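These notes concern the structure reproduced below.
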Number of protein chains: 2
Amino acid sequence: MVKKKDQTTEEKILAAAKKVFVENGLAGARMQDIADKAGINKALLHYYFRSKEKLFEVIFKEATSKLFPRVTAIFSSDIPLFDIIRQFTSEYVEIVLENPYLPLFVLNEINKQPHAFSQKLFGNNRPPVHKLAEKIEKEIKKGLIKPISPAHLIINMLSMCVFPFVGKPMIQLMMNIDELQFRNMMEQRKTLIADFIIASIKK
Amino acid sequence: MVKKKDQTTEEKILAAAKKVFVENGLAGARMQDIADKAGINKALLHYYFRSKEKLFEVIFKEATSKLFPRVTAIFSSDIPLFDIIRQFTSEYVEIVLENPYLPLFVLNEINKQPHAFSQKLFGNNRPPVHKLAEKIEKEIKKGLIKPISPAHLIINMLSMCVFPFVGKPMIQLMMNIDELQFRNMMEQRKTLIADFIIASIKK
DNA sequence: ATATAATTTAACCAAATGGTTAACAAAAGT
DNA sequence: ACTTTTGTTAACCATTTGGTTAAATTATAT
């Protein structure tokens, strides 16, 4: 199945931990489970990472570090609104397609400890939603798009990107589709979401 | 704080259990915690509901029984497409506003045991998405709305209804809004989502 | 070669957790 | 009045879990 040959012990642990944490959350993850999946003794976990919390923090940072800096970059980008929408939606879906279970994991942890995790997630610079909001306001005033509350527009965009992953099993159940079909659908969404939004707000 | 006076013991347990389960999930919930919140002994929990699983099942059914029958009803309703969209979005948001943490809870449990929970959730009659999909197809063929994949349209609608609740703490963090502001925003979404969708697909 | 440091393990520990038991108290029949 | 059923509790139990310890093995340096 998986090649674990030339990985260092630390790498083996991190790979196993990521799987277990993302699947079960912080509280639900078992150190023994991580050790087993990494093919090592449980005590060795504590040798490399002092505690469950510490290990979790490493995984959490690593898992989210790909996504949020990009969000921040795109939100503050100077390109036209429609391009921001296109770029954000396609990039978001593309990145998350690599880790489909990440969003539910992040939302869960942030839900359990909003402030602690917002700190871990954003540090001190949260994604500049206000910049995007201002840009939307401007376009409305210039009469380039239909009037809409910027906050709602942003939430709509975020919703259509994030929810399909969070609700993946439910969607698969309701629509009776397998892994491949789901993946194909998400590939389509890379462009479809932006088209859908723009069709709604374009004058 | 809360009035627990004229409640029967069973009601006290159910109220406490709902809170604890929804906040922590099946695995994260503690029987002792439920007992404490209900102001009773832990053994009494097992006297009323034999096990954690049994208690959970009761809570789960009670919590979801309000929502899904309505979804099914609206999906199979014979009214025009735009009315379905308006009715579904407004009703969904309205119902969930009473239990804002329900969606994340349900998605989590369904994620952990897709088949077991789909059984508990839907029994043998899943929401008839196909009926709605067929209706969309027809409207497209009749040239009444722009062409769009029915599956994607449904996912978009679902996304904009569900995600704001699932992502509530994250949205509150990113947009820096309090409980009341969030609630007001969701009130607005009762009509806004449908307007947004219809604007996008209307010819 | 051998002393030193880094890595790995088996055995153990204390705390937490779901669940049980046996005894006690309160209601409800009779 | 008293017997039976229902409701409630404290104490207890087995298992699980995160974490520790001390010994063993392997690598590194001298």
Side-chain angles (χ1 to χ4, degrees), chain A residues 2-63 105 108-109 112-113 116-117 120, chain B residues 2-63 105 108-109 112-113 116-117 120:
Chain A
V2 191
K3 253 201 181 176
K4 279 186 202 167
K5 268 292 145 76
D6 36 13
Q7 275 181 103
T8 145
T9 303
E10 189 169 339
E11 285 168 341
K12 279 192 281 184
I13 293 177
L14 286 174
K18 182 178 175 184
K19 226 181 187 172
V20 175
F21 275 129
V22 169
E23 258 168 41
N24 307 297
L26 170 55
R30 301 293 152 228
M31 293 298 267
Q32 187 62 58
D33 199 5
I34 296 174
D36 291 348
K37 272 203 174 52
I40 56 155
N41 186 289
K42 185 173 60 123
L44 202 53
L45 278 184
H46 291 87
Y47 176 77
Y48 277 86
F49 306 86
R50 277 217 334 259
S51 69
K52 194 184 180 185
E53 294 283 338
K54 294 268 179 203
L55 177 55
F56 179 82
E57 226 164 293
V58 175
I59 299 295
F60 191 78
K61 276 234 173 79
E62 196 251 307
F105 168 70
N108 264 319
E109 300 308 329
K112 265 156 207 160
Q113 308 188 32
F117 280 103
K120 279 178 194 159
Chain B
V2 192
K3 253 200 181 177
K4 279 185 199 167
K5 270 289 144 81
D6 35 12
Q7 276 181 104
T8 146
T9 303
E10 189 171 339
E11 286 168 341
K12 280 192 280 184
I13 293 177
L14 286 174
K18 183 178 174 185
K19 224 180 189 177
V20 176
F21 275 130
V22 169
E23 257 168 41
N24 307 297
L26 171 53
R30 301 291 153 230
M31 293 298 267
Q32 187 61 58
D33 197 6
I34 296 174
D36 290 348
K37 272 207 174 48
I40 57 154
N41 187 289
K42 187 173 58 128
L44 202 53
L45 278 183
H46 291 89
Y47 176 76
Y48 277 87
F49 306 86
R50 279 218 330 261
S51 69
K52 193 184 180 185
E53 295 283 337
K54 294 266 179 204
L55 177 55
F56 179 81
E57 227 164 292
V58 175
I59 299 294
F60 191 78
K61 275 234 174 79
E62 196 251 308
F105 169 70
N108 264 318
E109 299 309 329
K112 265 156 207 159
Q113 308 187 34
F117 280 101
K120 280 178 195 162

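To find a chain, count down the sequence lines: A is the first, B the second, and so on, and within it residues start at 1. Keep in mind that this is a model prediction, so the values were computed, not measured.
Within the structure, a side-chain polar atom (N or O) of A:R30 is placed less than 4.0 Å from OP1 or OP2 of D:dG18. Taking 4.0 angstrom as the limit, B:T9 places a side-chain polar atom (N or O) nearer than this to OP1 or OP2 of D:dT8. Between B:Y48 and the phosphate of D:dT6, there is no side-chain N or O to OP1/OP2 separation shorter than 4.0 Å.
The distance between atom NE2 of B:H46 and atom P of D:dG7, rounded to the nearest whole Å, is 17 Å. Rounded to an integer number of Å, the gap from CZ of B:F56 to C1' of C:dG18 is 16 Å. Between the CD atom of A:Q32 and the C1' atom of C:dT9 there is a distance of 12 Å, rounded to whole Å. Atom P of nucleotide C:dG18 and atom NZ of B:K54 are separated by 17 Å, given to the nearest angstrom. Look at CE on A:M31: it is 19 Å from P on C:dA15, rounded to the nearest Å. Regarding A:E10, its CD atom lies at a distance of 15 Å from the P atom of C:dA6, rounded to whole Å. For the pair B:I40 CD1 and C:dA26 P, the interatomic distance rounds to 17 Å; values are reported in whole Å. Across the protein-nucleic acid pair, A:F21 atom CZ and D:dG18 atom C1' stand 11 Å apart, rounded to whole Å.
The side chain of A:L44 sits closest to C:dT7 out of D:dT21, C:dT7, D:dG18. Side-chain proximity of B:S51 to C:dA10, C:dT20, C:dG19: nearest is C:dG19. Closest approach to the A:K52 side chain among D:dA10, C:dA10, D:dG19 is made by D:dG19 (side chain taken as heavy atoms from C-beta onward).
A ring-centre distance under 6.0 Å is found for B:F56 and B:F21. Aromatic rings from A:F60 and A:F117 are positioned such that their centres are separated by under 6.0 Å.
Residue A:A27 is classed as having no contact, given no heavy-atom separation below 4.0 Å to the nucleic acid. Within the 4.0 angstrom heavy-atom criterion, no nucleotide atom of any strand lies near B:A35. Using a 4.0 Å heavy-atom criterion, one finds that B:Y47 contacts the bases of the nucleic acid, with or without backbone contacts as well.
If you check distances only, the side chain of B:K42 does reach the base of C:dG19 with a donor-acceptor pair under 3.5 Å.
In this structure, OG1 on A:T8 lies 8.5 Å from CG on A:L14, to the nearest 0.5 angstrom. Atom-to-atom distance recorded for A:E57:CD and A:L26:CG is 10.0 Å, nearest 0.5 angstrom.
B:I34 and B:I13 get closest at one heavy-atom pair: CG2-O, 4.2 Å.
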